[in-house]
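As the structure is a prediction and not an experimental result, all values here were calculated from the model. The first residue in the sequence is number 1, and the count goes up from there.
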Amino acid sequence: MSLDAEAVARLSERVETAQTYARAIRKLTDDHPGMTVADAYRVQTALRRSYERRGQRVVGWKAGLTSRPKMIQMGVDQPGVGFLTEAMARPEGSAITVSDLIHPRVECELAFVTKAELAGKVSRAEVLAATDYVQPALEIIDSRFTGFKFDLESVLADNSSSARFVLGGRPRRPEALDLRTIGVVMEIDGEIVALGASAEVLGHPAEAVAMLVGVLHDMGETLPAGSLVLSGAITQAVPVKAGNCVAARFFDMGSVGARFIA
Ligand code: 0L1
Ligand code: MG
C-alpha cells in the first residue's frame, strides 16, 4: 500500500463527485503513480461507506473485467469487483436517463441471487450450491475517467465503472441450466450489435462469483445470503445514447431490455 488515509479519503471524494455530477476526471494514477490494487480497494471501500452514510443500501456486488478479450481491450491483467446499490437498479423495460452519465456502455450478464452466505476461498460448486437463482441482466457501465481510459488501480477505485443495472427475463434455478453455454444476442434499435456465450466469463460465470468472494475476503467482507451478483460481461460493452432501445435475448431465459432517454 502506498496511500495514507488522507489520500484515500481525498480520492474517494474525487470519484464520488465525478459520479454524482457525471464529470470526467483524470485517472487517479496520474497523480498517484505508486497506487496499488490494495489502495484502490481502500478508495472503493471509502466510497461505499460514504454512499451508505447517505442512506444508499448495498444490494450486492459485480464482477468486472472477467473475460480475456475485455482485459486485453482495457489493458488490464486481472478481474475486479465493485458494489451495487439499490439506487443503481432500474426496472426491466424502463427509460434510463443518460444526462446523469458520462459515456454509458451496456453489457449483457448473468445475475446470481444467493440463498446462503459465501465466505473465503470458495469453489464453483460451492457458489452453485449457495445460488438461489440466476437471471438475465443488463449492466450499464460508465467510467468516470476521460475517454473511458484507465488502468486497473483507477478503475477499481471508481467502483469498477458501476452505474446502473436492469434485471429481467426468467429467473432459473442454476441446476436447470448449463451455465457455460447460455447464448446471448444484444440488439440496439433492432440491429444485432453483440453476441456471446456465457463461457466467456472466466470459463463459467460461477467462477467469477468465486473470484468475487475471494476479493471480498481480502477486504474483510463476506457475501451475505440474499445478495445480487452481476457475474461479468458475456458480450462486449456497447456504447449507448439517448433514443436507443436495447434488448438482450438469453437462450432459454427470456430477454431483458431498456430504453435510453436524454
Ligand atoms: O463490468 C465490467 O466488466 C467493467 C469493469 C470496468 C471496466 C470498464 O469500465 O470497461
Ligand atoms: Mg460488467
Side-chain angles (χ1 to χ4, degrees), residues 1 3-23 25 28 32 35-65 79-91 94 96-97 100-102 104 109 111-120 122 130 132 137-145 150 152-167 208-209 211-232:
M1 288 189 294
L3 299 184
D4 60 25
E6 196 189 316
V8 167
R10 223 178 29 245
L11 290 181
S12 144
E13 273 168 35
R14 196 188 294 179
V15 171
E16 187 169 347
T17 302
Q19 294 184 349
T20 305
Y21 297 102
R23 269 197 230 114
I25 54 174
L28 305 187
H32 296 275
M35 188 173 166
T36 65
V37 165
D39 289 325
Y41 278 124
R42 289 166 66 216
V43 175
Q44 187 190 113
T45 301
L47 188 66
R48 175 160 48 99
R49 300 275 179 248
S50 172
Y51 280 124
E52 285 175 329
R53 274 196 303 277
R54 291 198 283 116
Q56 295 197 19
R57 197 166 67 87
V58 172
V59 291
W61 293 84
K62 65 166 275 186
L65 301 160
V81 313
F83 60 87
L84 301 172
T85 67
E86 212 166 26
M88 297 178 191
R90 294 291 179 275
S94 63
I96 297 177
T97 45
D100 49 2
L101 299 171
I102 302 167
E109 310 208 359
F112 285 61
V113 175
T114 61
K115 60 184 177 188
E117 184 186 45
L118 284 164
V122 295
D132 193 4
L138 297 178
E139 184 186 18
I140 296 95
I141 54 172
D142 190 33
S143 174
R144 267 53 67 161
F145 301 116
F150 45 71
L152 184 64
E153 293 76 14
S154 298
V155 72
L156 296 177
D158 181 28
N159 195 23
S160 294
S161 305
S162 303
R164 309 280 182 266
F165 63 89
V166 181
L167 302 181
V209 181
M211 174 282 295
L212 183 142
V213 174
V215 174
L216 293 188
H217 177 72
D218 293 342
M219 294 198 285
E221 308 267 357
T222 66
L223 186 70
S227 293
L228 167 73
V229 178
L230 295 180
S231 59

Asks: Measuring from Glu86:CD to Gln56:CD, what's the distance to the nearest 0.5 Å?
Replies: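 Reported to 0.5 Å precision, the distance equals 9.0 Å.
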Asks: When rounded to the nearest 0.5 angstrom, what distance separates CZ in Phe145 from CG in Leu28?
Replies: 4.0 Å
Asks: So, taking the atom named CG in Leu3 and the one named OG in Ser12, what distance separates them when rounded to the nearest 0.5 Å?
Replies: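 Atom-to-atom, Leu3:CG and Ser12:OG are 11.5 Å apart.
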Asks: How close do Tyr41 and Val81 get, heavy atom to heavy atom, and via which atoms?
Replies: OH-N, 3.0 Å
Asks: Of all heavy-atom pairs between Ala40 and Met35, which one has the smallest distance, and what is that distance?
Replies: CA-CE, 3.8 Å
Asks: Which pair of non-hydrogen atoms, one from Met219 and one from Thr45, has the smallest distance, and what is that distance?
Replies: SD-OG1, 4.0 Å
Asks: Quick check: do Leu223 and Trp61 have side-chain heavy atoms less than 4.5 Å from each other?
Replies: yes
Asks: Report yes if the side chains of Glu16 and Arg54 come closer than 4.5 Å at any heavy-atom pair, otherwise no.
Replies: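 Of all side-chain heavy-atom pairs linking Arg54 with Glu16, at least one is under 4.5 Å.
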Asks: Which pair of heavy atoms, one from Phe83 and one from Met88, lies closest together, and at what distance?
Replies: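 Closest approach of Phe83 to Met88, heavy atoms only: O-CE, 3.7 Å.
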Asks: Return the minimal non-hydrogen interatomic distance between Ala7 and His32, and the atom names on each side.
Replies: CB-CE1, 4.4 Å
Asks: How many angstroms lie between CG in Leu228 and CG in Leu84, if you round to the nearest 0.5 Å?
Replies: 6.0 Å
Asks: Take Arg10 and Asp4 through the salt bridge (Lys or Arg N to Asp or Glu O under 4.0 Å) test and state the conclusion after the steps.
Replies: CA-CA 10 Å; Arg10 223 178 29 245; Asp4 60 25; 5.7 Å; no
Asks: Testing the 3.5 Å rule here: is there a donor-acceptor pair between the side chains of Thr222 and Glu117?
Replies: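 Per modelled atom types, Thr222 and Glu117 side chains form a pair under 3.5 Å.
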Asks: Go through the side-chain N and O atoms of Asp158 and Gln19 and say whether any donor and acceptor fall under 3.5 Å apart.
Replies: yes
Asks: For Ser231 and Glu109, which heavy atoms make the closest approach, and how far apart are they?
Replies: N-OE1, 3.7 Å
Asks: At what distance, to the nearest 0.5 angstrom, does CG of Leu11 lie from CG of Leu47?
Replies: 11.0 Å
Asks: Please report the interatomic distance CZ(Arg144) to CG(Asp142), rounded to the nearest 0.5 Å.
Replies: 5.5 Å
Asks: Looking at Arg48 and Glu221, is any side-chain nitrogen of the basic one under 4.0 Å from a carboxylate oxygen of the acidic one?
Replies: yes
